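Okay, so here's the structure we're looking at.
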Amino acid sequence: MPDRAPQPVDRQLPTEEARDLISLVRDIAQQEIVPKAAEEEDAGRFPRELFTLLSRSGLLGLPYDSEYGGGDQPYEVYLQVLEELAAARLTVGLGVSVHSLASYALAAYGAKEQQVEHLPAMLGGGMLGAYCLSEPHSGSDAAALRTKAVRDGDAWVITGTKAWITHGGIADFYTVMARTGEEGPRGITAFVVPGDAPGLSAAPPEKKMGMKGSPTAQVHFDGVRVGDDRRIGEEGQGLAIALSALDSGRLGIAACAIGVAQAALGEALAYATERRQFGKPIADFQGLRFMLADMATQIEAGRALYLAAARLRDAGRPFAMQAAMAKLHCTDTAMRVTIDAVQILGGYGYTADFPAERYMREAKVLQIVEGTNQIQRMVIARHLVGPEGR
């Protein structure tokens, strides 16, 4: 059974341009994403041609400077675009979020000449990015990464393996954190590596319970040589760059989570009003009505939380704690709402004939990526009471 078009959300947008942008995204979602979502996810197919369309439409660089091909949009607007895309298909919404994450280091920390040379292709030239921080032995403990970059004249030679890389094997560029100095957080440097660099390869994609259309793979760097002009920021600044990127990236995950939850609620509402038992629609039964009310309330609360954090970011104010809160709450909400959607559909919810079961499988990964929700609680607690073991 094909997916339903997402129910329109009544959004509070700051400009007429933003309203036109959301309208464009909804048209693309309805015409290009939704009709193929179920079939392509089932087949494990990544819609690369769709990302080319999104790039041509200006949707891969929305929060970045128009001087380099970006959209000059505030995060408040960009995140709502992500939500719309994720409601249509999470592979697409998450893919745009990861691409934005991969572009962040160069956009925020790159030298002017680097930005002029590389950003236009990244933001509007059809390229697709990947973000390489995690490794097989360093996930939550990012400062323990082992991938090394050794200076060789005016170049660097990168050796190691990155793990759980979205777009691994298909990306046109990889933003890579590698160890260039001492052990610990101060010895890490950021690089942007071309996807076709000699010595760069990817393992077969992981076999996942959800998000089958989005390739996640280990990426191997076997003596990959890049010029010093591909180093982003100062030597030893890499982890700070990576964590700064993740503060913004967590808001992207939060928005995607609300998109999935909204799609699940729409499916549950449609089924509950169409399905009849005991002579009336099951939406007339109070127990089910209360479930729907709770689902809608949790979604609205999550949307308000991620937008509040985005507005802090747009105002140039600290937002790391609020980003962690939004990622925690919104992804937990997506998990609860999708489970309830499956319950409302009953036996049909447990079959692949309806998208509710796919939404539930997809929601789970959002509690894990870009910092597990246990890590989010640690981040929030540190902001509240300071670091552990003071």
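Here the structure is a predicted model, which is why all the values come from computation and not from measurement.
A 4.5 Å side-chain heavy-atom check between L62 and V77 finds every atom pair outside the cut-off. Side chains of P194 and D172 form no contact here, defined as non-hydrogen atoms less than 4.5 Å apart. When side chains are defined from C-beta on, E39 does not count as touching K36, because their heavy atoms never get closer than 4.5 Å. The side-chain heavy atoms of T216 and P205, taken from C-beta on, include no pair separated by under 4.5 Å. Between L101 and E370, the closest side-chain pair of non-hydrogen atoms falls below 4.5 Å. Considering only heavy atoms from C-beta on, M177 comes within 4.5 Å of L145 through its side chain. Using a 4.5 Å heavy-atom threshold, the side chains of L94 and I253 count as touching. Using a 4.5 Å heavy-atom cutoff, the side chains of I22 and E84 are in contact.
In this structure, I344 is a member of the same hydrophobic cluster as V337, with clusters built from ILVMFWY side-chain heavy atoms closer than 4.5 Å. Taking hydrophobic clusters as Ile, Leu, Val, Met, Phe, Trp and Tyr residues chained together by side-chain heavy-atom distances below 4.5 Å, F290 does not share a cluster with M295. At a threshold of 4.5 Å between side-chain heavy atoms, the hydrophobic network of Ile, Leu, Val, Met, Phe, Trp and Tyr places Y350 and M291 in two separate groups. The cluster map of Ile, Leu, Val, Met, Phe, Trp and Tyr, joined by side-chain heavy atoms under 4.5 Å apart, puts L128 and V96 in the same cluster. Criterion: ILVMFWY side-chain heavy atoms under 4.5 Å apart, direct or through other members. Under it, I232 and M122 are part of a common hydrophobic cluster.
Of all non-hydrogen atoms in R382 and P387, the two that sit nearest each other are CG-CA, 4.2 Å. Nearest heavy-atom pair, A102 versus G129, reported as atom, atom and distance to 0.1 Å: CB-C, 3.8 Å. The two residues P136 and T161 come nearest to each other via the heavy atoms CD-O, 3.6 Å. The nearest pair of heavy atoms linking A149 to A178 is CB-CB, 3.9 Å. Heavy-atom minimum distance, S55 versus G126: OG-N, 2.9 Å. A88 and A29 make their closest contact through CB-CB, 3.8 Å (heavy atoms, listed as atom of the first residue, atom of the second, distance).
Applying the salt bridge (Lys or Arg N to Asp or Glu O under 4.0 Å) test to residues at least two apart or on different chains, the pairs with a partner in residues 52-74 are E67-K112. Residue pairs meeting the side chain to side chain donor-acceptor pair (under 3.5 Å) criterion with at least one partner in residues 303-324, sequence neighbours excluded, are E76-R311, E83-R303, E83-Y306, S248-R313, Q262-R303, E300-R303. Applying the ring pair (Phe, Tyr, Trp, His ring centres under 6.0 Å) test to pairs two or more places apart or on separate chains, those with a residue in residues 72-100 are Y75-Y78, H99-F173. Listed by first and then second residue, the ring pair (Phe, Tyr, Trp, His ring centres under 6.0 Å) pairs involving residues 176-201 are W156-F191 (not counting sequence neighbours).
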Original post:
How far apart are the C-alpha atoms of L307 and Q80, what are their side-chain angles, what is the distance that settles it, and do they pass the side chain to side chain contact (heavy atoms under 4.5 Å, CB included) test?
Top reply: CA-CA 8 Å; L307 286 174; Q80 293 187 77; 3.7 Å; yes
**OP:** Tell me, with the steps shown, if E40 and K212 meet salt bridge (charged side-chain N to carboxylate O under 4.0 Å, His left out).
**Re:** CA-CA 9 Å; E40 291 191 342; K212 295 180 180 180; over 6 Å; no
**OP:** Quick one: do I28 and L59 satisfy side chain to side chain contact (heavy atoms under 4.5 Å, CB included)? Show the steps, please.
**Re:** CA-CA 11 Å; I28 292 174; L59 299 178; 3.9 Å; yes
Original post:
Where do V379 and M321 land on the side chain to side chain contact (heavy atoms under 4.5 Å, CB included) test, with the steps shown first?
Top reply: CA-CA 7 Å; V379 170; M321 181 176 73; 5.8 Å; no
Original post:
Given the rule in the side chain to side chain donor-acceptor pair (under 3.5 Å) test, do T91 and E41 qualify, once you have shown the distances and angles that lead to the verdict?
Top reply: CA-CA 8 Å; T91 286; E41 283 299 323; 2.4 Å; yes
**OP:** Could you go through the side chain to side chain donor-acceptor pair (under 3.5 Å) check for Y104 and S244 one step at a time?
**Re:** CA-CA 9 Å; Y104 176 88; S244 177; 2.5 Å; yes
**OP:** Apply side chain to side chain contact (heavy atoms under 4.5 Å, CB included) to Q114 and L106, showing your working.
**Re:** CA-CA 7 Å; Q114 292 175 314; L106 190 60; 3.7 Å; yes
**OP:** Show your reasoning for whether side chain to side chain donor-acceptor pair (under 3.5 Å) applies to K280 and Q277.
**Re:** CA-CA 6 Å; K280 58 183 178 180; Q277 292 286 279; over 6 Å; no
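Checking side-chain atoms of Q376 against main-chain N and O of G371 turns up a donor-acceptor pair under 3.5 Å. The backbone N or O of I368 lies less than 3.5 Å from no partner atom in the side chain of T372, so there is not a single donor-acceptor pair. A distance-only check finds no donor-acceptor pair linking the side chain of E357 to the backbone of A352 [under 3.5 Å]. Side chain of T338 to main chain of A334: a donor-acceptor pair is present (N/O by atom type, distance under 3.5 Å, no hydrogens or angles). Although no hydrogens or angles enter the test, the distance criterion places a donor-acceptor pair under 3.5 Å between the side chain of T273 and the main chain of A270.
The line from OG1 of T331 to CE of M335 is 10.0 Å long, rounded to the nearest 0.5 Å. Taken from OG in S214 to CZ in R89, the straight-line distance is 9.0 Å, to the nearest 0.5 Å. Put simply, CE on M211 and CG on L90 are 4.5 Å apart, with the number rounded to the nearest 0.5 Å. The line from CG of L246 to CG of L251 is 11.0 Å long, rounded to the nearest 0.5 Å. Taking CG from L21 and CD from E16, the interatomic distance works out to 11.5 Å, rounded to the nearest 0.5 Å. In this structure, OH in Y131 is found 9.0 Å from NZ in K162, a value given to the nearest 0.5 Å.
For R186 and E182, the salt-bridge test fails: no basic side-chain N is under 4.0 Å from an acidic carboxylate O. Look at R151 and D228 and you find a salt bridge, because one of the NZ, NE, NH1 or NH2 atoms lies within 4.0 Å of a carboxylate O, short of that distance. Of the charged side-chain nitrogens involved, none lies within less than 4.0 Å of a carboxylate oxygen, so that D247 and K327 do not count as a salt-bridged pair. With salt bridges taken as basic N to acidic carboxylate O contacts below 4.0 Å, one links R377 and D332.
Summarising the local packing, CD of E274 is surrounded by more than 12 heavy atoms from other residues, nucleotides or ligands at distances under 6.0 Å. Residue Q343 qualifies as open at atom CD: its count of foreign heavy atoms under 6.0 Å is 12 or below. For CG of D284, the number of neighbouring non-hydrogen atoms (other residues, nucleotides, ligands) closer than 6.0 Å is greater than 12. The 12-atom threshold is exceeded at NZ of K208, counting heavy atoms of other residues, nucleotides or ligands nearer than 6.0 Å.
Remark: of the listed residues V226, L200, V157, T159, L200 is the sole one forming a side-chain contact (heavy atoms from CB on, under 4.5 Å) with F221.
Partners of Y348 under the ring pair (Phe, Tyr, Trp, His ring centres under 6.0 Å) rule, at least two apart in sequence or in another chain, are F354. Considering only residues two or more places apart in sequence or on other chains, F46 meets the ring pair (Phe, Tyr, Trp, His ring centres under 6.0 Å) condition with F51, H167.
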